[in-house]
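To start, the structure itself, in structure tokens.
Sequence lines set the chain letters: A, B, ... in the order given, protein chains first and strands last, and positions in each chain run from 1.
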Number of protein chains: 2
Amino acid sequence: MMTAKATSLDVARLAGVSQSAVSRVFSGASASKSTALKVRKAADELGYRPNSLARAMITGKSRIIGLVVAYLDNQFYPVALERLSNALKEQGYHILVFMAENAQDSISNVVQELIDYQVDGIITASVAMSSDLTQRCAVAGIPVVMFNRGQDGSGHSSITSANVEGGRRVADFLARAGHKRIAHIAGWEGSSTGRDRRRGFIEGLMDHNFEPLDVLDGMFDRDVASQAARTLMARADAPDAIFVGNDHMAFAVMDTLRHELGCKIPQDVSVIGYDDVPLAQWAAYDLTTLRQPVRRMVEATVETLIGKIEDPERPAQKIEIDGPLIARGSARKPEGWTQ
Amino acid sequence: MMTAKATSLDVARLAGVSQSAVSRVFSGASASKSTALKVRKAADELGYRPNSLARAMITGKSRIIGLVVAYLDNQFYPVALERLSNALKEQGYHILVFMAENAQDSISNVVQELIDYQVDGIITASVAMSSDLTQRCAVAGIPVVMFNRGQDGSGHSSITSANVEGGRRVADFLARAGHKRIAHIAGWEGSSTGRDRRRGFIEGLMDHNFEPLDVLDGMFDRDVASQAARTLMARADAPDAIFVGNDHMAFAVMDTLRHELGCKIPQDVSVIGYDDVPLAQWAAYDLTTLRQPVRRMVEATVETLIGKIEDPERPAQKIEIDGPLIARGSARKPEGWTQ
DNA sequence: TCCCTTTTTGCATACGAATGCACAAACCTT
DNA sequence: AAGGTTTGTGCATTCGTATGCAAAAAGGGA
């Protein structure tokens with residue numbers, strides 16, 4: 001039983017070779033069969049493993065990706081986190097996770113700390129970057145990819161679903177199902193996803209010569225969304241359909257409608273969400289929603305980020321990935337609708 | 001606009017002092033007002049920040065904690081992750097997250113990689129460590145704290161809720177509510193939490209001279225738990241109450257009971273879970289459950305881990321934290337029950 | 001077998017910050 | 001003002017690994 005962790009020098013001595021030889025064996029550089037064998041044997045004996053930190057120091061690559069995430073209570077993010085983690089692991093990267101409240105200086109601190117740790121890249125999930133931060137990352141040469149949030153003119157790549165198109169599709173679905181008084185509890189106005197879905201939704205209604213009955217900002221928050229639902233249903237011309245800016249809020253809205261206001265879904269009101277988190281298909285909610293294709297979004301995110309790490313010259317890209325509307329039981333379906 | 005990140009040497013030159021002076025200013029060691037001022041000014045000018053990796057190399061402390069987590073789809077863990085992250089951040093630590101399937105060699109790889117990154121400590125959430133791994137951590141001098149999972153004889157500290165007592169309390173609650181045919185869909189038999197809750201539950205029933213109608217292993221899995229519910233309800237003497245080993249499975253059970261088997265909860269069957277995740281109080285479920293006091297568990301975890309990091313001689317401790325039964329609408333209440 | 005090319009190998013140095021040591025400066029004390 | 005003490009500072013070294021360079025070994029061709 002060893003008492004201290006062995007270094008490459010220890011291995012070198014035991015194997016009767018130089019430290020550089022050991023390094024080369026473990027970093028995959030050229031080495032003869034015979035030395036590789038000796039080194040491996042000695043290493044096993046000592047329980048040696050290269051020190052990732054030291055390696056990072058010298059190569060300038062830590063193989064760590066920083067992940068900044070804000071809303072962990074929204075099931076979409078744990079799922080995305082898991083997928084991102086697995087995808088990056090396959091590429092030999094690891095994830096340093098930072099929680100941030102969605103406030104500028106919190107994010108600023110968090111990103112600065114990531115820079116201090118010399119991460120090779122940063123993924124922000126539903127978090128915006130100030131231009132100052134953008135600048136700092138640029139100086140440090142750290143590429144940033146924004147997941148599920150776009151930001152014009154930031155110079156960062158972003159991966160989102162096709163939110164405008166998605167909103168439009170929801171509108172079309174509801175209009176074709178014969179709804180007349182259609183309201184929207186939108187995602188936070190300060191986010192591109194919230195704005196885009198909203199815009200697409202309104203445009204989509206316009207295509208049917210409709211106007212939304214009302215549009216309220218749900219701030220991606222359960223309580224705010226519930227309150228918005230109460231407000232809507234208190235109207236004399238209460239809506240017969242509500243499009244909610246994401247599933248997380250939609251669940252709160254459904255709970256409020258059913259258990260507090262005594263509405264039947266979808267008989268009295270249709271409810272549609274956005275994301276298609278796993279919860280959406282649980283029988284208790286059975287939520288009709290626009291699916292964000294997490295798997296493909298994650299793939300695109302990882303590929304974009306690693307591409308930029310390996311070739312810093314690669315220009316930023318904005319990728320939008322389309323997703324289908326998943327019709328379930330929370331919303332009346334248009335005549336002749338086939339999934 | 002700088003083009004490359006500045007080092008302490010750059011700052012030293014600009015400030016007209018030695019590199020050691022810069023280091024001392026930033027590491028809080030002694031330095032005169034005047035040099036501190038010069039250094040700070042120069043550092044600001046260059047946008048200098050100490051390189052955490054280099055710092056980690058020399059001090060031997062990375063200020064990174066590794067977190068190994070398995071079931072991210074169970075809302076308990078995202079919540080715990082968020083709390084852990086915040087608590088550690090306050091202590092100046094950061095979290096390197098690793099997902100692991102609950103299979104020995106996956107965990108083994110993951111822990112090994114954490115060791116490679118020289119983490120100062122490891123927290124495992126609902127994951128067991130093989131004795132080989134335990135050994136490797138010991139050699140590397142890395143303390144391990146197990147969160148929400150105990151393991152006898154591992155030599156690691158563990159923080160759990162008082163699972164035996166909790167199971168007992170659930171049994172008492174159901175028996176006193178007048179239930180006669182009480183079944184249990186248990187947490188995975190391979191986990192201490194699953195076993196302890198189950199044991200406490202059975203003991204608690206025995207105190208009332210009851211026996212459980214049946215005990216099935218739900219494997220902490222929604223599908224397995226749903227299947228178990230079907231099995232139970234297919235019996236001639238179907239249960240009038242089911243204690244489910246955690247909330248995550250309880251939701252699946254409730255969905256199955258209500259929407260597939262047409263049962264009324266709690267009129268036909270009472271359902272009780274374990275954890276009290278945020279979802280449990282959503283109106284759709286309104287789940288009676290035994291609360292795991294996450295906040296206090298997290299505090300204890302962080303304190304135990306940091307204590308051991310700062311004083312490696314400190315012996316391992318097993319901490320159990322008691323939590324209350326939260327009576328909601330999914331289970332009939334005993335006569336005269338007051339929260 | 002000899003010379004030329006290719007592959008291995010060791011040496012020395014670098015990465016960026018922290019720290020023991022010895023010396024210089026500042027502060028007290030009487 | 002001299003001696004003693006505390007505080008501040010620079011020099012040199014260290015952490016563990018990777019890598020350019022030059023020398024050594026191995027391989028190949030005629």
Side-chain angles (χ1 to χ4, degrees), chain A residues 2 4-40 42-43 46-64 92 113 115-120 139-141, chain B residues 2 4-40 42-43 46-64 92 113 115-120 139-141:
Chain A
M2 308 300 317
K5 44 231 138 146
T7 74
S8 58
L9 197 58
D10 299 326
V11 175
R13 279 198 272 260
L14 181 60
V17 297
S18 73
Q19 179 268 328
S20 1
V22 177
S23 168
R24 282 191 262 255
V25 169
F26 278 89
S27 59
S30 63
S32 70
K33 302 262 175 206
S34 80
T35 47
L37 217 70
K38 284 189 290 187
V39 167
R40 287 251 149 65
L46 296 174
Y48 168 79
R49 307 221 63 206
N51 179 327
S52 299
L53 259 38
R55 190 172 259 187
M57 272 234 57
I58 200 96
T59 61
K61 317 249 116 242
S62 63
R63 302 205 72 88
I64 296 180
E113 292 187 81
I115 298 176
D116 294 349
Y117 272 104
Q118 314 289 110
V119 296
D120 290 345
V139 169
Chain B
M2 306 301 315
K5 43 230 139 152
T7 74
S8 60
L9 198 57
D10 299 327
V11 175
R13 278 196 274 260
L14 181 61
V17 297
S18 73
Q19 179 269 328
S20 0
V22 177
S23 167
R24 281 191 263 255
V25 168
F26 277 89
S27 58
S30 62
S32 71
K33 302 261 174 207
S34 80
T35 48
L37 218 70
K38 284 188 291 189
V39 168
R40 287 250 149 66
L46 296 175
Y48 168 78
R49 305 222 64 207
N51 178 326
S52 299
L53 259 37
R55 191 174 257 189
M57 272 236 57
I58 198 98
T59 62
K61 318 247 117 244
S62 62
R63 303 206 71 89
I64 296 179
E113 292 187 82
I115 298 176
D116 294 348
Y117 272 104
Q118 314 288 111
V119 296
D120 290 346
V139 169

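Across the interface with DNA chain D, nearest-nucleotide mapping of B/Ala54 and B/Ser34 shows B/Ser34 to be the residue nearer the 5′ end. Place B/Arg49 and B/Arg24 on DNA chain C by their nearest nucleotides, and B/Arg49 ends up nearer the 5' end.
Of all the residues in residues 56-63 of chain A, A/Met57, A/Ile58 reach under 4.0 Å from DNA chain C with at least one non-hydrogen atom.
Interatomic distance, CD1 of B/Ile64 versus CG of B/Leu53, reported as 7.0 Å (0.5 Å rounding).
At whole-Å resolution of the value, CG in A/Leu37 and P in C/dT9 are 12 Å apart. The separation between A/Leu9 atom CG and C/dT13 atom P is 16 Å, rounded to whole Å. Protein atom CD of B/Gln118 is 19 Å distant from nucleotide atom P of C/dA17, rounded to whole Å. In this structure, CZ of A/Arg55 is placed 19 Å from C1' of C/dG16, rounded to the nearest angstrom.
Nearest heavy atoms, B/Gln118 versus B/Ser62: O-OG, 2.8 Å. In terms of heavy-atom proximity, A/Ile115 sits nearest to A/Ala140 at CG2-CB, 3.7 Å. Among all heavy-atom pairs drawn from B/Ser8 and B/Tyr48, the shortest one is N-CE1, 3.3 Å. Minimum interatomic distance between A/Val11 and A/Val39 (heavy atoms only, all atoms of both residues): CG1-O, 3.8 Å. Of all non-hydrogen atoms in B/Ala54 and A/Met57, the two that sit nearest each other are CA-SD, 3.6 Å.
Among the heavy atoms of the strands lying under 4.0 Å from A/Ser23 is at least one base atom, whether or not backbone atoms are also near. Nucleic acid contact for A/Val17: sugar-phosphate only, since backbone atoms but no base atoms lie under 4.0 Å from a heavy atom of the residue.
Read 5' to 3', the first and last nucleotides of DNA chain D with an atom closer than 4.0 Å to a heavy atom of chain B are D/dG8 to D/dG16.
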Take B/Lys38 and B/Val17, measure what side chain to side chain contact (heavy atoms under 4.5 Å, CB included) needs, and give me the verdict at the end. CA-CA 9 Å; B/Lys38 284 188 291 189; B/Val17 297; 4.1 Å; yes
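Between C/dG16 and B/Tyr48, no contact under 4.0 Å exists linking OP1 or OP2 to a side-chain N or O. Within the 4.0 Å cut-off from OP1 or OP2 of C/dC11, not a single side-chain nitrogen or oxygen of A/Ser18 is found. Remark: A/Ser32 is in phosphate contact with C/dT9, judged by side-chain N or O atoms under 4.0 Å from OP1 or OP2.
Side-chain contact between A/Asp120 and A/Arg63 is present, with heavy atoms from C-beta onward closer than 4.5 Å. Side-chain atoms of A/Arg13 and A/Leu9, non-hydrogen and from C-beta on, do get closer than 4.5 Å to each other.
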